[in-house]
Structure formats: structure tokens, C-alpha cells
Amino acid sequence: MSCKNCQSVLEENYEFCYACGGKVVTKRITIKSLVGEFMERYLSYDNKFFNTFKTLFTAPEQVINGYIEGIRGKYVDPFTYLIIALSISGFQIYLIKKGFLGFDLDKVYDAQPKEKAPFDMNVFMTNFLDYINIITILSIPLLAFLAKLTMWKNKKFNFAEHNVVLAYSYSHFTIFGTIFTLFGLISTTFFIITSSISFFIMLAYMIYVVQRVFNFNAIELIKKAFLYILFLILFYIVIIIFGIIVGMLIKISYS
């Protein structure tokens, strides 16, 4: 008998390949085996995803610092975790937009006074949600750059490692935030409230992660948080100005 993955010669009683670690499968696939494999891989207490999800709450520095220091087998890697987070979030957005959860997203924006709106908020949010995953992926290196700029005197992490910190923390909050905002689907009012609260929860969680990962004292943490928020505001101002300029140029080119 040989391993179907690496072709190594195996004994008949082997359950795993000694060379590549692959599981030896000799029986045909059945519904029972598929369900069992799914339960073992995704719903068992000790699987990587739930272990990563739990530890990013209780001790985020173990996951983040561990990955940066070379630990790979214990937790889900940051970019796989990001893909999982975006998939969960994207699925929720799809259900909301299609009305499968009994919630009308249009009512949130239709309730706003139209005479004061400089543009159609409904159209803007629809387009924004369509590209939210791309926006998230592109924003992580930009946010990592701002984090590196904020901690330019701190040489603990380089730019790539700051991306790891952001990928883990942002992904984790996205998963938690998706679950949390499900409670807001009860009504339009609840949606607005939970969406507003989730922003402050995200900010608090990011500060918590920074404190655990970098082990700052209270004064250092406040200084870094204030400086990062300042850089973030300036960054968004630049983006808004850039968007206005591009919009004006496009308008001129079509006039």
C-alpha cells in the first residue's frame, strides 16, 4: 500500500503517512464520513479556528507574537483568518441586502432628510458594501503604515509584522462584530444603535491588543492611541480631498 499524497510505501495497519503526515483513507466517502470530517475539522474544541478565536480574546499576544516568532501549527495564520472573517461578513451583507434576514437596509438611509443630503446615501452605501472586502484588504497595509509611523521609535516590529498585528485584530473584530450586529437586525433603530456601539468596541479592542502585544504602560498607551487617531484623521482628510479633486477632474472632463 502507498500514500496517495506522496506515494511513500506504507504498512497495511498505518492510519497516517510517516513521511507527509497525510491521513490514510481506504474507505469510500459516505454522508456519515463527510459529516464526521466536518465536525472534527471545524467544530471540535481543539481545532485551530476556535483556538485562535478564543485566544485572541483572552491573550491576543500569544497568537500575534507567536506567529511573528515562528509558531505556525497552533493557530490559524493571519491572512487565512482574514479570508474567513471577510467570508463571514460578506455572507451577512449578502443576506441583509437580499432581505433574507427580514431587515430592510434601505429604511436606514431613506429615513434621512433628502433635502440636506449632498448625494444619495442609499446608492453610496450599496456601492460601498459591494466593495467592502476589497476596501478592507487595501486598508490593512495603510493602517499598518500608520501604526509603524506612530511607533517609529519602537523597533519591536517592522512594517510586515505590523500587517500581521492588523490582520489578526481587524479580522477578529470583523467576526465578532458580524455576530454582534445580528442583534441589530431586530429593527432599524437597533441596527443603528449596534452599528454605532460596534465602532467603539472595535476601538477598545484595538487598544487592548496594542497594550497586550507591546506591553505599554497606561501613559504610553494613551499617547500612542492619541497619535494614531490623529494620523488616522489626517489620513482620511487627505483621502477626502483627493476624492474631491478626482471627482472635479472627472466632472470637468465630461463637461
Side-chain angles (χ1 to χ4, degrees), residues 5 15-17 20-25 29-96 100-101 129 132-141 143-144 147 157 160-185 194-195 197-199 201-214:
N5 298 304
E15 293 185 2
F16 295 91
C17 175
C20 69
K23 187 175 181 179
V24 176
V25 179
I29 295 175
T30 63
I31 297 298
K32 182 179 178 180
S33 66
L34 288 175
V35 172
E37 186 174 347
F38 175 83
M39 296 288 287
E40 180 182 356
R41 179 169 297 184
Y42 297 105
L43 300 181
S44 63
Y45 178 77
D46 60 346
N47 80 78
K48 283 187 178 183
F49 174 77
F50 283 105
N51 195 27
T52 304
F53 185 77
K54 178 191 68 171
T55 310
L56 281 171
F57 273 122
T58 58
E61 71 280 4
Q62 291 184 15
V63 179
I64 297 170
N65 289 347
Y67 180 84
I68 292 173
E69 291 168 3
I71 298 174
R72 296 291 188 271
K74 195 173 182 180
Y75 304 108
V76 177
D77 71 85
F79 302 105
T80 300
Y81 200 60
L82 176 62
I83 292 171
I84 293 171
L86 295 179
S87 300
I88 293 172
S89 176
F91 184 62
Q92 184 205 38
I93 291 171
Y94 172 79
L95 293 179
I96 292 174
F100 290 129
L101 299 178
L129 292 175
I132 185 64
N133 286 353
I134 296 175
I135 293 171
T136 299
I137 292 172
L138 294 177
S139 67
I140 286 178
L143 294 173
F157 293 152
E161 290 164 341
H162 275 289
N163 276 273
V164 171
V165 177
L166 264 295
Y168 266 128
S169 54
Y170 195 91
S171 302
H172 189 64
F173 176 78
T174 298
I175 296 172
F176 170 75
T178 300
I179 299 170
F180 178 73
T181 53
L182 284 175
F183 294 102
L185 301 179
T194 54
S195 297
I197 292 174
S198 65
F199 171 78
I201 294 176
M202 179 183 70
L203 187 61
Y205 179 72
M206 292 294 189
I207 293 173
Y208 166 70
V209 169
V210 168
Q211 196 281 325
R212 296 295 294 259
V213 170
F214 291 92

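Please read all numbers here as calculations on a predicted model, not as lab measurements.
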Flag, side chain of Ser139 to backbone of Thr136, donor-acceptor distance under 3.5 Å: yes

Can you give me the closest heavy-atom contact between [X] and [Y], atom names plus distance?
{"X": "Phe214", "Y": "His162", "result": "CZ-CE1, 3.7 Å"}
{"X": "Glu161", "Y": "Ile68", "result": "OE2-CG2, 3.5 Å"}
{"X": "Val164", "Y": "Pro78", "result": "CG1-CG, 4.0 Å"}
{"X": "Leu166", "Y": "Ala147", "result": "CD2-CB, 4.4 Å"}
{"X": "Ile71", "Y": "Lys74", "result": "CG2-CB, 4.0 Å"}

Qualifying side-chain hydrogen bond (donor to acceptor under 3.5 Å, both in side chains) pairs with a residue from residues 163-175, counting only residues at least two apart or across chains: Tyr81-His172

Return all side-chain donor-acceptor pairs below 3.5 angstrom for residues 201-209, not counting sequence neighbours, or 'none' if the list is empty.
from   : atom 1 : to     : atom 2 : distance (Å)
Tyr205 : OH     : Leu56  : O      : 2.7
Tyr208 : OH     : Phe57  : O      : 2.8
Tyr208 : OH     : Thr58  : O      : 3.3
Tyr208 : OH     : Arg212 : NH1    : 3.2

Residues that Thr80 engages under side-chain hydrogen bond (donor to acceptor under 3.5 Å, both in side chains), provided they are two or more places apart: Asp77

Can you tell me how far the [atom1] atom of [X] sits from the [atom2] atom of [Y], to the nearest 0.5 Å?
{"X": "Ile175", "Y": "Phe173", "atom1": "CD1", "atom2": "CZ", "answer": "11.5 Å"}
{"X": "Leu82", "Y": "Ile140", "atom1": "CG", "atom2": "CD1", "answer": "4.5 Å"}
{"X": "Leu143", "Y": "Leu138", "atom1": "CG", "atom2": "CG", "answer": "11.0 Å"}
{"X": "Asn65", "Y": "Phe157", "atom1": "CG", "atom2": "CZ", "answer": "4.5 Å"}

Test side-chain contact (heavy atoms from CB on, under 4.5 Å) applied to Ile29 - qualifying residues, sequence neighbours left out: Ser33, Leu34

